[in-house]
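Input: a single structure, listed below in structure tokens.
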Amino acid sequence: MPDSDTIKAALRAQRIELPSWAFGNSGTRFKVFPQAGVPRTPQEKIADAAQVHAHTGVAPSVALHIPWDRVDDYAELARHAKDLGVELGTINSNVFQDNDYMLGSVTNPDPAVRRKALGHLLECVDIMDQTGSRDLKLWFSDGTNYPGQDDIAARQDRLSEALHAVYERLSADQRMLLEYKLFEPAFYTMDVPDWGTAYAHCVELGPKAAVVVDTGHHAPGTNIEFIVAVLLRKGKLGGFDFNSRFYADDDLMVGAADPFQLFRIMAEVVAVHALRPAAGIAFMLDQCHNIEPKIPGQIRSVLNVQEATAKALLIDRAALSAAQRAGDVLGANAVFMDAYNTDVRPLLAEVRTEQGLDPDPMAAYAASGYAERIVAERVGGTAAGWGA
Ligand code: PSV
Ligand code: MN
């Protein structure tokens, strides 16, 4: 087993990126229940994200979603983030909410719509230049609902053309992360439905393109850690959109529905030493807090990722590989499960105390008075929400 100093150092170095949209109002297509104190501006979303970092110490960056987080001056927004102790992270493009995109964005049969969508993606790279962001995350809602509706292969050609144009625009230190999703909003075909399709495009593009695994974007029962292991082996895992799901793309708090799955995923990451920020895997949250308070929802999510990571770090790798080599099926499984069944909360509390943080981030946030302050201060204006 790695010694506890090594485990603690790895936990201290861990980085988890927060999504700006987690702090705005969200809901389902049936109802959005507004919450008091919700940010009205990207600046206020960043202020809330900074609270999560202040109490956890491992969430120093905030992803933006364009146009939800559109501002006149991105360099100024980056300075605002820095003043609050965080930085701007991944830029998420949005080519799924405009009326023009009913039949697709970059794969739309109409070249004018494709040009418009590409224009937005290139604008996102312009924004990255100003924010200093490394990663552009691309998710396409493109697809079809009915057999025969459009030419499946032609849509792949159109997708490839757009991806190449964006790829060419990236600077040497920028990357493109391509996200896949099984279904929704399209129900017959999605143009990037699975890791294989995303991987094929990323290989064709080159080293600056890699796949994003959104944990909510698979069919029930999919072995996600297998996908993670394969992508890591090929150097094509760009990052995660963490969340958890019971049924489809539920966007619930990561580790809430299936903490064992999260542990199994982190075990694959740790196995190849890909936890270190230098390994280039972006550990992002992609969640919505529809009925729970948002800032504590994000803190809880960060803690869940930390707990899964700590357990993964506790796996006795020497004992595991000895058991595997010996064909000791039950022994190997026991080593794995011993790590999972360890209560890592005292270890994480110790790490926080050593970092000068409160050992209990949830309680520390509740006691901070921040929640009451934003409810009192954020009066008037329009609360940020899905789509704004
Ligand atoms: C799509 O379902 C997705 O996972 C993509 O990452 C989008 O950018 C995000 O959700 C919007 O919340
Ligand atoms: Mn996602």
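Whatever order the structure lists ligands and atoms in, that order sets their numbers, starting from 1. Not measured: the values here are computed from a predicted model.
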Query raised in the report: Counting each atom of ligand 1 from 1 as listed, which ones have a heavy atom of Asp241 under 4.0 Å away?
Result: 6 (O)
Query - Under-4.0 Å heavy-atom contact with ligand 1, by part of Asn94 that carries it - result: neither
Query raised in the report: Are Phe96 and Trp139 near enough that their ring centres are under 6.0 Å apart?
Result: yes
Report summary line: ligand 1 to Trp21, heavy atom cutoff 4.0 Å, flagged ligand atoms 12 (O)
**Report entry** Ligand-residue contact atoms, ligand 1 with His217, heavy atoms, under 4.0 Å
**Finding:** 1 (C), 2 (O), 3 (C), 4 (O)
Query raised in the report: Can you give me the OE2-the Mn ion (ligand 2)-OD2 angle for Glu179 and Asp286, to 10°?
Result: 170°
Query raised in the report: Which residue holds the protein heavy atom closest to atom 5 (C) of ligand 1, what is that atom called, and what is the gap in Å?
Result: Glu179 OE2, 3.4 Å
Query raised in the report: Considering only heavy atoms from C-beta outward, does the side chain of Tyr365 approach that of Pro296 to under 4.5 Å?
Result: yes
Query raised in the report: Between Asp191 and Arg158, is the closest basic N to carboxylate O distance under 4.0 Å?
Result: no
**Report entry** Protein heavy-atom partner closest to atom 10 (O) of ligand 1 - residue, atom, separation in Å
**Finding:** Asp286 OD2, 3.2 Å
**Report entry** Within 45° cone of Phe260 ring axis and under 6.0 Å: Lys311 NZ or CZ
**Finding:** no
Query raised in the report: Among protein heavy atoms, which sits nearest to atom 11 (C) of ligand 1, and what does the distance come to when rounded to 0.1 Å?
Result: His65 NE2, 3.7 Å
Requested in this report: Output the list of atoms in ligand 1 that are nearer than 4.0 Å to some heavy atom of Lys181, sorted by atom number.
Outcome: 2 (O)
Query - Centroid-centroid distance, His218 to Tyr180, less than 6.0 Å - result: yes
Query raised in the report: Cation over ring, Lys208 on Tyr167, under 6.0 Å and within 45°?
Result: yes
Requested in this report: Take the Mn ion (ligand 2) as the vertex and measure to OD2 of Asp241 and OD2 of Asp214; round to 10°.
Outcome: 110°
Query raised in the report: Would Tyr188 and Tyr146 count as a close aromatic pair, with their ring centres under 6.0 Å?
Result: no
Query - For Asp214, atoms of ligand 1 separated by under 4.0 Å from a heavy atom - result: 4 (O)
Query raised in the report: Which ligand 1 atoms does Asp249 reach within 4.0 Å, using its non-hydrogen atoms?
Result: 2 (O)
Query raised in the report: Using the ring of each side chain (for Trp, its six-membered ring), is Phe187 parallel, tilted or perpendicular to Phe183, with breaks at 30° and 60°?
Result: tilted
